[in-house]
Protein chains: 2
Amino acid sequence: MLTERQRMILTAIVDDYIRSAEPVGSRSISKRGDVGYSPATIRNEMADLEELGFLEQPHTSAGRIPSHKGYRYYVDHLAPFNLLAPNEFKMMKAFFADKLNAIEQVVQHAGTILSHMTNYTSILLGPEVFHTSLRHFQLLPLGENTAVAIIVTSTGQVENKTVSIPPGVSVSEMEKVVNLLNRKLTGVPIYKLKSALYNEIGQEMQRHVEHFEELMNVLDEALDGGQDGQRLFLSGTTNMLNQPEFRDIDKVKSILDLFEETPTLMKMMISASTGTGIQVRIGTENDHEAFANCSLITATYAIEGEAVGTIGILGPTRMEYARVIGILDILSKDLTKFLSRLH
Amino acid sequence: MLTERQRMILTAIVDDYIRSAEPVGSRSISKRGDVGYSPATIRNEMADLEELGFLEQPHTSAGRIPSHKGYRYYVDHLAPFNLLAPNEFKMMKAFFADKLNAIEQVVQHAGTILSHMTNYTSILLGPEVFHTSLRHFQLLPLGENTAVAIIVTSTGQVENKTVSIPPGVSVSEMEKVVNLLNRKLTGVPIYKLKSALYNEIGQEMQRHVEHFEELMNVLDEALDGGQDGQRLFLSGTTNMLNQPEFRDIDKVKSILDLFEETPTLMKMMISASTGTGIQVRIGTENDHEAFANCSLITATYAIEGEAVGTIGILGPTRMEYARVIGILDILSKDLTKFLSRLH
DNA sequence: CGTTAGCACTCTAGTGCGTTGAGTGCTAAA
DNA sequence: TTTAGCACTCAACGCACTAGAGTGCTAACG
């Protein structure tokens, strides 16, 4: 569709614009060593590229900037997936060689590293509890009529919730039920817990326990808590303010506001990371209009071949795609390896 | 020190400036119904107040704005602690009448409400684990050589940490130790746990257990996790962007950057909330220069008379002191009541 | 026929300047 | 002691002008 020369010029423009954030003129392209054409020739090609929709002009007498379509073409066909600097590479490897830590801490820490390395905002979706199984369940009475329910999953994640105990239920009764639960349900996947609760041990409980109905409600409530599982970690949110395109308070505010809306962000991350490998959403390809001038690059990490979490980088559409994709690729694979080791 | 009329004029200026964020002129004060003097008279008083350091002038031909000293005087002597609107009051009460929830959820939710009601940023320090006691300890093996340690406190807070198990230690050995620990240490205040571990059950363990040294290290590591206890909750960080004094990206960036530095913020909150009651830190009274144009108002909440956490509101120095102080006062007392009920 | 030099044209960003208006300080009168 | 009046100050605004970067078009060149 594009000639070799057009591809070369488009690449040059995108690269330049990513670096400078200023419209790129024909003369500055011509002056680069790697393009052997005069400004006039380049002007002609640029006019063509604009007609094809790959470039835009802020106003008549300015240089060109890439359009969303231009970025998309760049990402799909042109971006040089240059490797990281060796010391950066080592840094990431060292991170996982570090001493063992709680899984969510690792994810959170990975987010910090990502945002520091890239100077963009990192958005990480913690490992989904969904695909892990029950390791241990516990119900600890606290006061007169409250108890804390604790669920530990096979990956060592701990979820807890305070529940209220109906009057009349004795401690020994509760213990009996909890024991039964641990005997019967350990190893059951979290997402099957509730149905297993009703189908497998419902009858047995009914036989042995006095306040069946009430206790069932308590368990129901307790297990509910464990299911909203996935956690969202943000890091480097203020990096957005460094970008020249977000010098405008109002633009930046709509983005930062969205950062506080965890559920919306979660949905975006989940919908962005369909399929395997690295996904790039450029500008308006994101569902939310606050991200119209942003690009979101995501990758998933997996346990036993099944994707359980997502890591992502959010930056301006004028983003260092090649670098970020390289980093995300490595980190997602390392996270996957790390999780398998733990499993 | 100040005449009655000066106090009245100072009050009027601070009130006006809080509302409008624009320098206040003599004429606009004079036009208010409650001040019966001409602009000229007020001008004279304003000149005096400026000389005394209560007011400042951005430039010669502008109105006056309160200085830090002016705000301080206003907060200490002039602010009308008007009550909240009845519906706001009800809203806050209703919040605590709500169904029982995990304690940290309550604190976090309180932060959300605070920031919404005030349109400022709320900073809450979660209940200190320090002053609670051990309710239950557990060590669950996960894989070959890892385990998750769980500590439940008397208030129902759950802390967990992944630890590595030295090779050679058997599951039954671990169980023995955990049982011993629960028997001997339940009810011991968290901050005494480590010393109690060594003094009270050190010898007994040594007698019964083979890998004493290694297990001691594991427990040490596990209990370490529980001690960094206090958690920081932020809400409404982007409200800062609404304030006209923070239209400047660079100013706002230094503030938002500080929001990401949890340890620094924690220290500030702790140092700000010495003593009981409500504390107000105006402008440069805050230790950090990013907050030079901000005021931080804090209050503590308590369990059994002992302060265990802090709630705070951060806004521009031009802050609705009266309103915010009123809200914080009510909320901190309600939180205290709520915690006692739980205890 | 593709490429390039030259040139007129366009448009933004920056600069300088006069005007406006809010607000002050001072003086003199009430 | 208070107030009216007046000259003065200074930021903000609008306007015209300029400089400069970049374009599109045409014609010449190899």
Side-chain angles (χ1 to χ4, degrees), chain A residues 2-10 12-17 19-67 70 244-245 247-248, chain B residues 2-10 12-17 19-67 70 244-245 247-249 318:
Chain A
L2 294 187
T3 68
E4 192 49 44
R5 193 166 73 184
Q6 283 174 327
R7 293 158 60 100
M8 182 168 99
I9 290 174
L10 181 55
I13 291 174
V14 174
D15 282 343
D16 257 38
Y17 186 65
R19 202 157 6 85
S20 69
E22 310 239 303
V24 183
S26 55
R27 217 176 98 86
S28 65
I29 295 290
S30 168
K31 271 197 297 191
R32 290 168 50 129
D34 52 347
V35 189
Y37 297 97
S38 77
T41 310
I42 292 172
R43 274 205 292 284
N44 287 329
E45 294 286 26
M46 281 162 89
D48 290 350
L49 283 170
E50 183 171 358
E51 203 166 338
L52 290 169
F54 292 101
L55 296 180
E56 281 171 0
Q57 229 176 350
H59 55 265
T60 333
S61 72
R64 303 300 209 291
I65 61 174
S67 66
E245 40 265 87
R247 294 302 293 179
D248 178 21
Chain B
L2 293 188
T3 68
E4 193 49 46
R5 193 166 73 185
Q6 283 174 325
R7 294 158 59 99
M8 184 168 100
I9 289 174
L10 182 54
I13 291 174
V14 175
D15 282 342
D16 256 37
Y17 186 65
R19 202 156 7 85
S20 69
E22 311 239 305
V24 183
S26 54
R27 217 175 97 86
S28 65
I29 296 289
S30 170
K31 272 197 297 190
R32 290 167 51 129
D34 51 347
V35 188
Y37 298 97
S38 76
T41 310
I42 292 172
R43 274 205 291 283
N44 287 329
E45 294 286 25
M46 280 162 88
D48 290 351
L49 282 170
E50 182 171 356
E51 204 166 337
L52 289 168
F54 293 101
L55 296 180
E56 281 170 2
Q57 227 176 350
H59 54 265
T60 331
S61 70
R64 303 301 208 291
I65 62 175
S67 67
E245 40 264 87
R247 294 302 293 179
D248 178 20
I249 285 267
R318 178 190 63 79

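By convention in this document, chain letters (A, B, ...) are assigned in the order of the sequence lines, proteins followed by strands, and residues within each chain are numbered from 1. Side chains are part of it too, since the values below use all heavy atoms of this structure and drop only hydrogens, waters and symmetry mates.
Taking OG of A:S30 as the start and CZ of A:R43 as the end, the distance is 9.5 Å to the nearest 0.5 Å. The distance from atom OG of A:S38 to atom CD1 of A:I29, rounded to the nearest 0.5 Å, is 13.0 Å. In this structure, the separation between CE on A:M46 and OG1 on A:T41 is 12.0 Å, given to the nearest 0.5 Å. Of the inter-residue distances, the one linking A:L10 atom CG with A:L2 atom CG reads 7.0 Å to the nearest 0.5 angstrom.
Axis orientation changes by 20° from one end of the helix from C:dC1-D:dG30 to C:dA30-D:dT1 to the other, with each end axis drawn from 5 pairs and the value rounded to 10°.
Between C:dG25 and B:R64, a contact under 4.0 Å exists linking OP1 or OP2 to a side-chain N or O. Within the structure, a side-chain polar atom (N or O) of B:S26 is placed less than 4.0 Å from OP1 or OP2 of C:dT24. Neither OP1 nor OP2 of C:dA22 sits under 4.0 Å from any side-chain N or O of B:S61. Within the 4.0 Å cut-off from OP1 or OP2 of D:dT1, not a single side-chain nitrogen or oxygen of B:R5 is found.
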Report all side-chain donor-acceptor pairs from residues 59-66 of chain A shorter than 3.5 Å, counting only partners two or more places apart or in another chain.
unit_1, atom_1, unit_2, atom_2, d
A:R64, NE, A:E50, OE1, 2.7
A:R64, NH2, A:E50, OE1, 2.9

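Against DNA chain D, the stretch residues 34-43 of chain A makes heavy-atom approaches under 4.0 Å through A:R43.
Side chain of B:S20 to main chain of B:D16: a donor-acceptor pair is present (N/O by atom type, distance under 3.5 Å, no hydrogens or angles).
Closest approach of B:Q6 to B:L49, counting heavy atoms only: O-CD1, 4.0 Å. For the pair A:R32 and A:A12, the tightest heavy-atom approach, listed with the atom from each and the gap, is NH1-O, 3.6 Å.
Between B:M46 atom CE and C:dC26 atom P there is a gap of 14 Å when expressed in whole angstrom units. Rounding to whole angstrom units, CD1 of residue A:I29 and C1' of C:dT4 are separated by 18 Å.
Of the candidates C:dT12, C:dT10, C:dT24, the closest approach to any side-chain atom of A:H59 belongs to C:dT12.
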